[in-house]
Colleague: 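Dropping the structure in here first, questions after.
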Amino acid sequence: MATPSLELKGASFTLSVLHIYSTDLDKFATELAAKVAQAPQFFVGAPLVVNLSAIESADLDIVAIRQVMQQHNLVLVGFTGANEALTRQIRTMGLAILKTGKAVVTPPPPHKETRILQQNIRSGQQIYAQNSDLIIFGNVGNGAEVIADGSIHIFGALRGKAMAGAKGNTQAVILARKLEAELVSVAGQYWLSENLAEHADSTSGCIRLDGDSLVFETLPL
Amino acid sequence: MAHIIVVTSGKGGVGKTTSSAAIATGLALKGHKTVVIDFDIGLRNLDLIMGCERRVVYDFVNVINGEANLNQALIKDKRCENLHILPASQTRDKDALTKEGVGKVLDDLADAGFEYIICDSPAGIETGAMMALYFADTAIVTTNPEVSSVRDSDRILGMLQSKSRRAEQNLEPIREYLLLTRYSPTRVKTGEMLSVGDVEEILAIKLLGVIPESQAVLKASNAGVPVILDKESDAGQAYEDTVSRLLGEELPLRFVTEEKKGFLKRIFGS
Ligand SMILES: Nc1ncnc2c1ncn2[C@@H]1O[C@H](COP(=O)(O)OP(=O)(O)OP(=O)(O)O)[C@@H](O)[C@H]1O
Ligand SMILES: [Mg+2]
């Protein structure tokens, strides 16, 4: 028997969904252009599903929407949540109507628990707490590096480098019982030891962002 | 069960070999069957300090490579019944040490009834140093009271926590001790050296002993006699205290404050 040239299998894909909240096409075009400009790499050739559940009127130009998206090299896979009138319009264009399984369309952002270390971090060691805060019960030695996407709490001396808000979280802070760091940084703004020495004289304290610059606050630790 | 102790430091020339020889001798003097192994392949220092360099026929690498058995390579100390030395090769390169090879020799030593196996580590963080610390149960982190030595010791402590057998197999971590060597209270007072307290605070591990800077050390190594056998000397006594603490005794520190010069010394100098 000859091997078949096709086969049907189920698979599920994660697709980005573009929600449209207004029938104003000019507004749609400018806002989409701005979104794409923010992260052009992400959007090149990206397959998208358009969600129309916020639109109650039958008066939306689906053809125009497809054109605007094509201008930005976005691939329109189909629509979801469209009202009856719009659904008819979509069908005649030969585009897919997708059903959202449950209310959850995008997976929730990863939430990680605070990383807690009961040890001294030694010269040459590097610790990275991804998507979470970092608590260290111990010292961070000269030549050691501790990095967190959230805040960093050190119940000991910070003599090495500490980088909080590594993915740009400007609300992150660095706390240490003894600040003698080689470098502290929050969301990319940093102080070297000499900058730090102008503020903290191996005292306990908190480093955080105030606008674009770092500030030091004493702590009653 | 044999207890494996590595004498390590990161930085070179801080007193690892001096300390290995003294501590091994001290343990043997207290009646424990002890062997001290030179991991410093290519340099070979331990046998000089132990005064047995003329008796080296086979070495550690010969045993690993199966060119000699343990009994042929082990040198029995002439002064001390319970003490043996496994010397390093002067000719081989460091890659002669493999995890399997070293592990096998340590197992065989344990089977032969040795209670303590002292590993004299080479400086640095290369193969030789890593092999010396890999199997350790206890680490004696030998440190001089100066910033670069303390920094290197911190680095080695990181390695003990991450690159050792106990770390890799998630066993109880290596017991870490600080041994502060070449300590000069006078130079601490003038601010040229870090104090015991400074070093303890930075490294945050248990202090095993403080060995003073001493003429006796050079004299002893020139004579090929471990300094712990010079019972009159300050360094010898400090090593004796260190060994006692290693065996669980609580002893106060000695030789950490400046010595008052006696009347005659004040007049004639020292
Ligand atoms: N307490 C001391 N007082 C005076 N001199 C000392 C003392 N301890 C060690 N020394 C001297 O320091 C030098 C280095 O000592 P040693 O060989 O024991 O160090 P090491 O750490 O084994 O060196 P390496 O890293 O090269 O193996 C030697 O000349 C030794 O005599
Ligand atoms: Mg040595």
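Quick note on labels: first sequence line is chain A, next is B, and so on, each numbered from 1.
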Colleague: Applying a heavy-atom distance below 4.5 Å, give me the residues of residues 200-208 of chain B that approach chain A, sorted by number.
Modeller: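 Within residues 200-208 of chain B, the residues that come under 4.5 Å of chain A (heavy atoms only) are B/Glu201, B/Ile202, B/Leu203, B/Ala204, B/Ile205.
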
Colleague: With chain B as the partner, which of A/Gly124, A/Ala157, A/Gly138, A/Gly143 has the greatest number of non-hydrogen pairs under 4.5 Å?
Modeller: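 It is A/Gly124.
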
Colleague: For atom NZ of B/Lys104, decide whether the heavy atoms of other residues, nucleotides or ligands shown that lie under 6.0 angstrom number more than 12.
Modeller: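 Counting other residues, nucleotides and ligands, NZ of B/Lys104 stays at 12 neighbours or fewer.
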
Colleague: Mind listing the side-chain donor-acceptor pairs of residues 170-179 of chain B below 3.5 Å, one per line with the distance, residues two or more places apart or on another chain?
Modeller:
none

Colleague: Rounded to the nearest 0.5 Å, how far apart are OG of A/Ser123 and CG of B/Leu157?
Modeller: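 Output value for this atom pair is 10.0 Å.
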
Colleague: Any non-hydrogen side-chain atom of B/Arg155 less than 4.5 Å from a side-chain atom of A/Gln125?
Modeller: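 Side chain of B/Arg155 against side chain of A/Gln125, heavy atoms only: no contact under 4.5 Å found.
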
Colleague: Near A/Tyr190 OH, under 6.0 Å, is it more than 12 heavy atoms from other residues, nucleotides or ligands?
Modeller: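 For A/Tyr190, atom OH is not crowded (no more than 12 foreign heavy atoms under 6.0 Å).
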
Colleague: Is B/Glu192 atom CD crowded by more than 12 heavy atoms from other residues, nucleotides or ligands, each under 6.0 Å away?
Modeller: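 Yes, enclosed.
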
Colleague: Check A/Ile121 against B/Asp154 and note the closest heavy-atom contact, atom names and distance.
Modeller: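 In this case the closest contact between A/Ile121 and B/Asp154 is O-OD2, 4.4 Å.
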
Colleague: Between A/Asn139 and chain B, which part of the residue has a heavy atom less than 4.5 Å away: side chain, backbone, both or neither?
Modeller: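 Just the side chain, heavy atoms under 4.5 Å.
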
